Every structure is written in structure tokens, then in C-alpha cells.
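Okay, so here's the structure we're looking at.
All of these numbers come straight from a predicted model, not from anything done at the bench. Chain naming here is simple, since letters A, B, ... match the order of the sequence lines and numbering starts at 1 in each. When reading the values below, keep in mind they use all heavy atoms of this one structure, side chains included, and skip hydrogens, waters and symmetry mates.
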Amino acid sequence: MKITTWNVNSLTARLQHVLDWTAANPVDVLCLQELKLTDDKFPLDAIRAAGYEHCAVFGQKTYNGVAVMSRMPVRDVVKNIVGFEDDSSRVLSVTLDTPQGEIRLVNGYFVNGQSPGTDKFAYKMNWLRGLQSYLQAELARHPNLVLLGDFNITPEDRDSYDPEGLRETIHHTTEERDHFRQLLALGLADAFRLFEQPEKSFSWWDYRMLGYQKNRGLRIDHILVSEPLKPLVKSCSIDRVPRKWKQPSDHAPVTVEI
DNA sequence: ATGACGATCTAGGATCGA
């Protein structure tokens, strides 16, 4: 079974890319971030016609918004972090009944944080604290859990094109990386790092200054799997192909096979 | 230091992303 995360930077602008990509890569579940549309604008018919009969949507006008598109039924849908008040639509949790058993999927569009010292950075830290306690509770109830999405954190220096020049800037701060490590400490593993990977593997490239062409990117889109799932993971990879398409999202899809 | 690119809202320029 394949599960993918993809920040599409507006589903309105990227619907055709989603349809083209899933036609070529018929994954079982596609988790989207940054829909930038309200629930009523979600292109349900087109996505169902593409084979994703079961959708959970948590949209928002202009910013944020997350969705889970699935070929198999989804149940027990929960929006945002239980116990953490948030005006933004950032998290969507669903349960899948798979051949490997029940899997709890937590799809997140993590806070960007702008830069250290700002109110937005403080919001990011509070949000991450809320997420951590939420996940602790979710893991207690669901041993088979996958946390995936746009984390807006480079876990390590090797996940950035310029770790020295960008040291302690946004997505690279010790505080953010501590939070990432705390998520791992809950009993989650970075599926991408369970395998040999090419050097300078990134999932996001700036639109400006020929970022993609120069491979000036960051690996900030992640798939974390819980301990019982870890031995079942067969592969995890980033697909750079759609980043080369015309008018692409700045993020590439990341897929795990379980 | 700023802006570079793209999306959105809304009809031009501001705001945000990462």
C-alpha cells in the first residue's frame, strides 16, 4: 500500500497536476496540504472520478487547508489538534482499514513560523507542543500510526542546501529540530531515512532565483511511522518529476510504501 | 538590506509562504 504527502500550494491551481500525477502514480492514499480553498470548493467529482472515492476535507479560504484522498474508506475523521485552539485548518486525522490492519493517519500542514523571535515563530512552537501531546494520546490509542505532511522543519543539516549559511534561520533552528526529535522520541521513525537515499535530497525548492534548477532546496515534507509499522515499510521516496512541470507546486510529493 | 516567484483577493498592490 502506498501513501503520499504533497503540499500542492492551492488545489485550485494544481488540480490538473494532482490528476496527472495520480494517473501515473495510482497511490492508495494522497494527503494534501495548502488547499487554499473552502470545503465547498473542493473538486470532489474530479477526484472521485480519478479513483479516490473517499475524501476527508478540512478547507480554509486563501490559506492552509488539508485533505485526505483515499481509495479505501476513511473513518473517525478529526480536524486539527484536539485540545489546541487554532483558527487555521492544519491537521486532519483519519483511520484506514488496510490489509496491514488499522492505520491512523495524521496529515499536517505545520506552521511556517516566518523567523525566530516573531509572533508566528511563537505560534509555531506552541502548535508543535500541542501536536506532540495530541500525538502521544493518538499513539496510545492507535499503535499503527503515520504522521505525514509539510513539517516546515529540516531535521538535520543534510536536509538543507546551505546548512551553514542558514544556521538558526527558519526551518533550521535548534528549537524546531528539538521538536522534530521529540516527535521521533514518541516512537516514530522518519521513513525516508530508513533507506539509502541520494545526497541532497529535498522536497521543496524556492520558486525564485532558479531554486530548483540549482537544487537549492530543503527536505521539509516528511512521513513518520510508528514502531509496529517500521519493519513493514518497503520504500520511501521523493518524486521530483512534477516539480519540473509547468506552473508546479514548490513542493514535491513524498511516498511511503507499507 | 532587499527582492527574486507564485497564489490569493480583488482589480493594484499587499500579504504570505519557506
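Of the candidate nucleotides B/dA7, B/dC5, B/dA18, B/dA18 has the atom lying nearest to any side-chain atom of A/Trp204. Each of B/dA18, B/dT15, B/dA4 was ranked by its minimum atom distance to the side chain of A/Tyr63; first place goes to B/dT15. Closest approach to the A/Ile220 side chain among B/dA18, B/dA7, B/dG3 is made by B/dA18 (side chain taken as heavy atoms from C-beta onward). When distances are taken from the side chain of A/Ser10 to each of B/dA18, B/dA7, B/dG6, the shortest belongs to B/dA7. Of the candidates B/dA18, B/dT8, B/dC5, B/dT8 carries the atom nearest the A/Thr62 side chain, counting heavy atoms from C-beta on.
Counting non-hydrogen atoms under 4.0 angstrom, A/Asp206 reaches nothing in the nucleic acid. Residue A/Glu34 is classed as a sugar-phosphate contact, given heavy-atom separations below 4.0 Å to backbone atoms only. Counting non-hydrogen atoms under 4.0 angstrom, A/Asn64 reaches nothing in the nucleic acid. A/Arg14 comes within contact range of the sugar-phosphate backbone alone, with a heavy-atom separation under 4.0 Å but no base atom that close. If you check every strand for non-hydrogen atoms under 4.0 Å, A/His251 touches sugar and phosphate atoms only.
Among the candidates A/Arg177, A/Glu176, A/Arg219, the single residue satisfying the side-chain hydrogen bond (donor to acceptor under 3.5 Å, both in side chains) test with A/Thr154 is A/Arg177.
When the side-chain nitrogen and oxygen atoms of A/Tyr109 are compared with OP1 and OP2 of B/dA18, one or more of them lie within a distance under 4.0 Å. For A/Lys120 and B/dG17, the shortest distance from a side-chain N or O to OP1 or OP2 is below 4.0 Å. Side-chain N/O atoms of A/Lys61 include none lying less than 4.0 angstrom from OP1 or OP2 on B/dT8.
Between A/Asp97 and A/Arg75, at least one side-chain nitrogen of the basic residue sits less than 4.0 Å from a carboxylate oxygen of the acidic one, meeting the salt-bridge criterion.
Here the separation of B/dT10 from B/dA1, taken at their C1' atoms, is 30 Å to the nearest Å. Separation of the P atoms belonging to B/dG17 and B/dG12 is 25 Å when rounded to the nearest angstrom. B/dT2 sits 23 Å from B/dG6 when the P atoms are compared, rounded to a whole Å. For B/dA18 and B/dT8, the P atoms lie 14 Å apart once the distance is rounded to whole Å.
Going from atom CG of A/Leu35 over to atom P of B/dG17 covers 16 Å, rounded to whole Å. Summarising the geometry, the separation between CZ on A/Arg208 and P on B/dC16 is reported as 14 Å, rounded to the nearest angstrom. Between the CG atom of A/Asn9 and the P atom of B/dC16 there is a distance of 15 Å, given to the nearest Å. Atom pair A/Leu218:CG and B/dG17:C1' shows a separation of 12 Å (rounding to whole Å applied). Between the OH atom of A/Tyr207 and the P atom of B/dA18 there is a distance of 10 Å, given to the nearest Å. Taking atom OH of residue A/Tyr212 and atom P of nucleotide B/dG6, one finds them 15 Å apart after rounding to whole Å. In this structure, CG of A/Asp150 is placed 18 Å from P of B/dC16, rounded to the nearest angstrom. Regarding A/Lys246, its NZ atom lies at a distance of 16 Å from the C1' atom of B/dC5, rounded to whole Å.
Using modelled atom types, one finds a donor on one side chain and an acceptor on the other under 3.5 Å when comparing A/Asp86 with A/Tyr123. Side-chain contact annotation: A/Lys124 with A/Asn112, donor-acceptor N/O pair under 3.5 Å absent.
Along DNA chain B, the nucleotide closest to A/Lys36 and the one closest to A/Asp250 are compared, and the more 5′ of them pairs with A/Lys36.
Within the cation-pi definition used here (under 6.0 Å to the ring centroid, within 45° of the axis), A/Arg71 qualifies as a partner of A/Tyr52.
By the 4.5 Å heavy-atom criterion applied to side chains, A/Ser93 and A/Arg104 are counted as neighbours.
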